[in-house]
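First up is the structure itself, then whatever we jot down about it.
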There are 2 protein chains.
Amino acid sequence: MKPLQLWQRYQKYLYDNDTLGLRLDISRMNFTETFLKKMQPRVKEAFKAMVALEAGDLANPPPPRGEGRMVGHYWLRAPQLAAKPDPRKRPHIPANANYCKEIEDTLLRIKKFAADVHATGQFENLLVIGIGGSALGPQFVANALTTPADKLRSFFFDNTDPDGMERTLARLDLAKTLAIVISKGGSTPETRNGMLVAADAYKRAGLDFAKHAVAITMTGSSLDKQSQSWLAQFPMWDWVGGRTSETSAVGLLPAALQGFDIDGLLKGARLMDEATRVKDFRKNPAMLLALMWFKAGDGKGKKDMVILPYKDRLEFFTRYLQQLIMESIGKERDLKGRKVNQGIAVYGNKGSTDQHAYVQQLRDGVNNFFATFIEVLKDGGNPLEVEPDATCGDYLSGFFQGTRRALYENGRESITITIRHVCPGSVGKLIALYERAVGFYAALVGINAYHQPGVQAGKKAADVVLGIQRQILNHLRANHGKFFSADAIAKAIKQPGEVETVFRICEHLAANERGVKQQAGKTVCDAAYAAA
Amino acid sequence: MKPLQLWQRYQKYLYDNDTLGLRLDISRMNFTETFLKKMQPRVKEAFKAMVALEAGDLANPPPPRGEGRMVGHYWLRAPQLAAKPDPRKRPHIPANANYCKEIEDTLLRIKKFAADVHATGQFENLLVIGIGGSALGPQFVANALTTPADKLRSFFFDNTDPDGMERTLARLDLAKTLAIVISKGGSTPETRNGMLVAADAYKRAGLDFAKHAVAITMTGSSLDKQSQSWLAQFPMWDWVGGRTSETSAVGLLPAALQGFDIDGLLKGARLMDEATRVKDFRKNPAMLLALMWFKAGDGKGKKDMVILPYKDRLEFFTRYLQQLIMESIGKERDLKGRKVNQGIAVYGNKGSTDQHAYVQQLRDGVNNFFATFIEVLKDGGNPLEVEPDATCGDYLSGFFQGTRRALYENGRESITITIRHVCPGSVGKLIALYERAVGFYAALVGINAYHQPGVQAGKKAADVVLGIQRQILNHLRANHGKFFSADAIAKAIKQPGEVETVFRICEHLAANERGVKQQAGKTVCDAAYAAA
């Protein structure tokens, strides 16, 4: 398309909302009016499904297609919209439920708790212990909004790597560190392990963990029971999914403690929620996004989504979106139970840094992606002119336009989102925009965006492995002094097919001197193991 | 495949090198002996090309297929192998060249400089200013090897985002900060800009930048000229590419200053280089990797490469590999000039964290990838038992095995690399393994891995944008007080097709109050601009 035609197309399809301070440019995606027209029945269905979801229907349908839960993250920004008991239409809502009040009370408690913590001046650091949705949102927001004026500095345990935890602990004066343990169900092993390692570290420092810890979890969970004597407890709700929990206590408590404007963040999300309820899809940025994702990948995820925010503060947004999009959309079956193997692969870091990494491939190589540029108008930082009439920010802006142009010239599609600056409000808007787009896209392709059966499968498989590890240790201890090959152990513990698993477990135990010693064999697979 | 068959396959194809302390398991990739046999002619050619490359041929061929350079990163770990002048066979090597001595002298100078810096005790922080290959290697190594005993703590300017730079500066006492400016050609704008912002910050702190700065660049570059009076200068060579520069001064100087064992890193890389010169492809881990990449994506990059290191310290390895692989392989044309649009998309962060992000999609969703697990046998950290007979490290290991199993059961392929622990040696080995694998893969698919024409295109496009910005400013200043639409400006500066570019530049300039003011129009595209 010639430049002036492209400019016409830009103006025709531009979504510009001055109140939101956000623009969405889809002119460089190869869709036609015919495509938009063809999609209308699906668009209508998607809007209908979203209305039902916001009203409190079991949008996450009962098993086997889902978890039989409501999906209420939009209520967190507009509590008065939360579903109310309705024995006829929504019998799944308990008669005494008052979600609106719970949301409002929690927000007030978060603000009061943060103010109290700031008032005492006891704490300088925040150690957030969580994984997945309990880490990615807080990490994204912490990185996006941090300034030297932060009231607490944030650190994370987001894995069960003991070495990683030790590295983080080495940077902390625990007497001045407030720990937040975040686990919706309370039983995620990585988070449980992180909590135990943290508690052990506090103990070894002569400190009482309970006096330094806060829990965010569902009422009645194991974490809820364990944390009764801690500084505070905040609720998670059945109807908020992990990957859409940034505007619940999961995201708001760490943000408030760091001193960020959580009302601004909530307001941004609320404004975007309103903008993405608009039924005219041409005036709905989330539906436009979802339609473009559909077009790019033929509704089957045939193209990867490359996210390129031209701002260091948004570097973690891609990782946040990886979870939000891939965990929501990456599903085996559609809502009718048919095998569809849906998904969209998401990757990226930041511009212009990534231009010196993989943009070579994006421009010249395999055309298996579409890019999403995020432009931030306000530069911030030092306005030094590095050349006459050119600042560092002009260069960043020039690289953004240049790369976008270079991709277009080579037939690579791109979407561009423009925001004014990175602040609590725009962060809330970006989160809400993608939450809604994911919901719409899932409806367009007919899948449930709100469960994650594959995550459970991985956990179960890990449990099998740890179960075999216990059997191995028992067998070796019961036969102290004797060496067994992996093959012999597998047979002895009545798991003859699990030789490789046994072998890998024994190698790991021996390497860590965990009660197992290794005797080399002719080849690595012939090694033998005994209790040490 | 049944578990015992899989165990047979594991043993049959396992690459295990006890000296290297590295295993490569390709048993869960769906290749056959027929495939391996069919690939033999290409394998032979790839080995031949690699021998020529190591001997100093112009493996990066002359334009338009390449840059007409030698590719010498393997010499950095074994200087005696460096190409020598040979007027008949290699007329491109100057008669007075002594690369071996240059490499050895530079290494000695790096060690001496680091020892001197440590001896003075003046510096606590290291500010590395670089982008692409001048940042990703140092970032990966810094993150992999950092301990509380680091002699200097590392920080990075890896972009031209002024706000990002300001955030980094806010954390630094510049009097105690040593800056390293890394730019091979000396003219990369992001790095030049970073240097100017850093120099400005030192100046405003009343400090002399020259007394706090070191340069790594090619002799004769603009940076070389500018840095004559700095604390030190270290060379880059024409025959070392940015993305394979970690074992040159680019990687070694920051590593040595942080107090890491650079001899260990070099030795690890050298040992891997030796192991990947073995002509029997079954005993060559880099050729096995390259063959698996070929098999997975049909030699056309049809499948994404997902990197899952189960260790926090290796989290940056994926970003390092994104550049190494995508910039090397993502090429439009093959060596014969045919349009092939090659590439492999690479993404990932770390396990088990990513299990709570996108492993849902990997297991259940679109099967458009193959995974590479990196297992680290030694756990480190707190050996606390979080349950009887189970540590955090056992969980990490269990999740690794569990996820691998869950993927396999759903027909998703994976490669597994096992190392003993993360140390200078194993980091050197991983780098050298992938450097060689990328070279082999490029030969298997017939492309030049050692140039990056698309990066130049992005830079050029950015220059065009900045050029238009200057024209806009000149036009508005010459017509002070008058407002012009983007359309009118584009016509006035004789770039009538560039309305969108002009519009975006004006919006950016106005948002930053950079001498341009905006007057709203009926729609955003009708806004008008004047000199402020």
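Atom set for the values below is all heavy atoms of this structure, side chains included, hydrogens, waters and symmetry mates excluded. To find a chain, count down the sequence lines: A is the first, B the second, and so on, and within it residues start at 1.
What you find for B/Glu500 and A/Arg404 is that their closest heavy atoms are OE2-NH2, 2.7 Å. Nearest heavy-atom pair across A/Val455 and B/Gln360 is N-OE1, 3.5 Å. Of all heavy-atom pairs between A/Asn368 and B/Ala345, the closest is ND2-CB, 4.2 Å. The minimum heavy-atom distance between B/Ser352 and A/Thr160, with the atom names listed, is OG-CG2, 4.1 Å. When all heavy atoms are compared, the tightest approach of A/Gly398 to B/Val465 is CA-CG1, 3.8 Å. Nearest heavy atom pair, residue A/Lys300 against residue B/Val366, reads O-CG2, 4.2 Å.
The side chain to side chain donor-acceptor pair (under 3.5 Å) test with B/Asp161 singles out one residue from A/Arg313, A/Lys350, A/Lys311, and that residue is A/Lys311.
With a 4.5 angstrom heavy-atom cutoff, B/Phe369 does not touch chain A via any of its atoms. Heavy-atom distances place the backbone of B/Val346, and not its side chain, under 4.5 Å from chain A. Heavy atoms of A/Leu196 lying under 4.5 Å from chain B belong to its backbone as well as its side chain.
Ring geometry for A/Trp7 against B/Phe503 counts as tilted: the plane angle lies between 30° and 60°, on a 0 to 90° scale.
Interatomic distance, B/Leu136 CG to A/His356 NE2, rounded to the nearest 0.5 Å: 10.5 Å.
Side-chain atoms of A/Gln469 come within 3.5 Å of backbone N or O of B/Asp389 as a donor-acceptor pair. Formation of a donor-acceptor pair under 3.5 Å by the B/Gln361 side chain with backbone atoms of A/Ile329 is not found in this model. Proximity of a side-chain donor or acceptor of A/Asn159 to a complementary backbone N or O of B/Gly351 within less than 3.5 Å is detected. Side-chain atoms of B/Asn512 come within 3.5 Å of backbone N or O of A/Asp379 as a donor-acceptor pair. B/Asp364 places no side-chain N or O within donor-acceptor distance of the main-chain N or O of A/Asn341, the cut-off being under 3.5 Å.
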Given B/Arg319 and A/Glu315, is the salt bridge (charged side-chain N to carboxylate O under 4.0 Å, His left out) satisfied, shown in steps?
CA-CA 12 Å; B/Arg319 283 186 61 182; A/Glu315 187 172 0; 2.6 Å; yes
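Under the salt bridge (Lys or Arg N to Asp or Glu O under 4.0 Å) criterion, B/Arg470 pairs with A/Glu387, not counting sequence neighbours. With sequence neighbours left out, B/Lys302 forms a salt bridge (Lys or Arg N to Asp or Glu O under 4.0 Å) with B/Asp298.
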